[in-house]
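To keep things clear, I will list the structure first and then write my remarks on it.
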Amino acid sequence: MKRKGEAMGIGSIHTNNYQSILQMLRQLNKTSTKDPFGIFRSGIQNNWAGTASDSDMVEVVPGFFCKNDPKIIANFRKNFDKDGDLINSHGVAGMDITGKDPSEWHKIVEVSEKGRQSMFDMVKREFIQEYGIANGDTTQRSEVYAAYQKSIPKADRLTATWTLGQYERQYNKAMYEAVRASNPGWQPGQYFDASVLDGITRESVEARIVQTGTDSLGLKSVDVRA
């Protein structure tokens, strides 16, 4: 389900802020032969960032050109890390999926216990706070993802983020099932007694999580009558 105030993103993470700069620049190239800000200029067809032959342009990082002005160059470089990789709006590099096949990063990999616990705590807190509704205006999920991404090597960030998203789904599903077991008629957005989730821990949920494919996790059912 798409969340209010968020765009769909990798692994149903519902955010593609990490591509916003690229999308903006590509749009500039589609709509104008010379960008209105005087920073980028179109080159040959399909070369939206300009060409090295432009006398007033300079290649700041491989494949990215801007106007040969010290201030503009300095500001432009802030969008990239030392390796020339794009940094997203949360200050994280290595999250750009441009030109990559989903199979490259739609994989289940190891996620640290600390990362999983942070995600579980956020899911449980916000599930109670919003009565099971995914509220993109108040959620701190982006902060949880960014903190985890910064804690691991850049090369691992895409696959680990995808996997963490799979855990997020299962944590949410477990909360939903617990509330429904207590009140079969409950629907997201309706009040429920938060105490029904007191016994729901990360460990108890993960004991039910199984890998259902190379790129997915699932939740084993429980007998609610037990």
By ring-ring contact (aromatic ring centres under 6.0 Å, His included), which residues pair with Tyr148, not counting sequence neighbours?
none
Beyond-backbone contact of Val109 with Asp156, side-chain heavy atoms, under 4.5 angstrom
no
Quick one: do Glu168 and Tyr145 satisfy side chain to side chain contact (heavy atoms under 4.5 Å, CB included)? Show the steps, please.
CA-CA 11 Å; Glu168 181 188 12; Tyr145 277 109; 2.6 Å; yes
I'd like to know if the side chain of Thr139 reaches the main chain of Asn135, judged simply by a donor and an acceptor atom lying under 3.5 Å from each other, with no hydrogens or angles considered.
no
Rounded at 0.5 Å granularity, tell me how far CZ in Phe127 sits from CD1 in Ile200.
10.0 Å
With rounding to the nearest 0.5 Å, note down the distance linking NZ in Lys107 to CG in Leu158.
10.5 Å
Taking Glu177 for the side chain and Ala174 for the main chain, is one N or O donor matched with an acceptor at less than 3.5 Å?
no
Thr161 side chain to Gln149 side chain, donor-acceptor N/O pair below 3.5 angstrom
yes
ring-ring contact (aromatic ring centres under 6.0 Å, His included) with Trp186: which of Tyr131, Tyr191, Phe192?
Phe192
Find the distance between CZ (Arg125) and CD (Gln140) and round it off to the nearest 0.5 Å.
5.0 Å
Main chain of Trp162, side chain of Trp105: is a donor-acceptor contact present, judged purely on distance under 3.5 Å?
no
Heavy atoms of Pro184 and Ala181 approach each other most closely as CD-O, 4.5 Å
Looking at side-chain heavy atoms only, is the closest gap between Leu197 and Met175 below 4.5 Å?
yes
Could you list all the salt bridge (Lys or Arg N to Asp or Glu O under 4.0 Å) pairs where at least one residue sits in residues 184-207, not counting sequence neighbours?
Glu113-Arg202, Arg116-Glu206, Arg202-Glu206
Interatomic distance, Thr138 atom OG1 to Glu130 atom CD [nearest 0.5 angstrom]:
3.5 Å
To the nearest 0.5 Å, what is the distance between CE (Met119) and OH (Tyr167)?
12.0 Å
Determine the interplanar angle of the Phe80 and Phe76 rings, folded into 0 to 90°, and report it as parallel if under 30°, tilted if 30 to 60°, perpendicular if over 60°.
perpendicular
For the residue pair Gly213 and Ile108, what are the closest heavy atoms and their distance?
O-CG1, 4.1 Å
How long is the span from the CE atom in Met95 to the CD1 atom in Ile87, to the nearest 0.5 Å?
13.5 Å
